[in-house]
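To keep things clear, I will list the structure first and then write my remarks on it.
Atoms within each ligand, like the ligands themselves, are counted from 1 in listed order. Computed from a predicted model, the values in this text were never measured in an experiment.
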Amino acid sequence: MKRSILAAAALGMTVPAVAQAEGSLNLYIWSDYITDAAIERFAEEYDVDVTVDVYDSNETLEARLMAGATGYDIVVPTADFMARQIAAGVYQPLNYDLLPNASNMDADLMAEAASFDPENEHAVIYMWGTTGIGYNIDMIAERLGEDYEVDSWSLVFDPEIAAQVADCGISVLDAPTEMFPAALAYLGRDPQSRETEDLEAAAELLGSVREYVRYFHSSQYISDLANGETCVSVGWSGDVFQAADRAAEADRGVNVWYAIPKEGALVWFDMLAVPEDAPNVENAHAFINYLMEPDVIAEITNYVWYANANEASVPMVDEEITSDPAIFPTDEVMDRLFTAVTYGSRVDRVISRLWTGVRTGQ
Ligand code: N2P
């Protein structure tokens, strides 16, 4: 119980101003996004019962939040969704007095996140990443030739190319806010466009490759890519690297990699936020502060393959991760990335109508 505090006190170190945390904590987080070890260590050190539920879409999280009384103490929205949830009064401001480890955060990244939440009043960054293409190196080479380089959205969005790889299985995210910007980037249009005409053109492109897509899903692709059940997935960076890692561990000749297409890709921030009606506010802060301990978050990054925004943790992150430009993008890669815009209700209605059409092939 509170071992870290006792240990720190015994060593004569300053005891951090953590909340007296006993009782419970209900976390609602993306699937494949945290380690059991990190949860267990917190539960033990702080003597808190932790419950973890998972989701794989912002829409799912948002529907729960808007319905209210979720019982969750911490949720992890992507920043563009969070912005409108803040406007809807879903979150409480963070009490930074309970978050001394916030000083470990990367100021530039937090400033980026502040464009969705001025002064980071409601949330800190958990992880960030990109939306690109995961692929099976050998299956693609067999179908498109050894010299084919996966560096373009055309692998998924050009019907002639997609048709050649469809037999080994293409999946895309079941997330219109991810797929529309990618389609717009491929078309050379503004990926942040809210214009109906642009969105219709994107929907037409998505519809033109619908027959080559095996499924729309936002978490199943990790194991399918890892097992060689599929060969192309529009997916999130860390998820694809987790697939690559699992495939390498299994050592059955499946080689998975990830590309950020040259036409550009989304860069996003997933945030730790506390719902307005969270039952265990102090424990929520204790957990957020715990996740900002450099060794804790480095260990999670080493497992989930997503970059965190904790500057002090970088020396503890595996070099194979920090040196990978697809995870910690170089300036050259950064130039190709764009952030999502927060859609209002008009654009939401357009997107959801068009997306239904894409999904059902109508
Ligand atoms: C974790 C996916 C999180 C990325 N599996 C979505 N922003």
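- Looking at Y91 and Q85, their side chains do bring a donor and an acceptor atom within 3.5 Å of each other.
- At a cut-off of 3.5 Å, with distance as the only test, a side-chain donor of W268 or T131 sits close to an acceptor on the other residue.
- Residue-level proximity to ligand 1 for S219 is absent, since no heavy atom of it falls below 4.0 angstrom.
- On a distance-only criterion, S31 and ligand 1 share at least one N/O pair closer than 3.5 Å.
- Ion pairing between R189 and E197 holds under the 4.0 Å rule for side-chain N and carboxylate O.
- Taken from CG in N280 to CG in L27, the straight-line distance is 12.0 Å, to the nearest 0.5 Å.
- Close contacts between ligand 1 and Y33 involve ligand atoms 1 (C), 3 (C) [criterion: under 4.0 Å to a heavy atom].
- Against a heavy-atom cut-off of under 4.0 Å, T78 is close to the following atoms of ligand 1: 7 (N).
- Residues S218 and S57 bring no donor and acceptor atom of their side chains to less than 3.5 Å of each other.
- Below 3.5 Å of separation, one finds an N or O of D270 facing an N or O of ligand 1.
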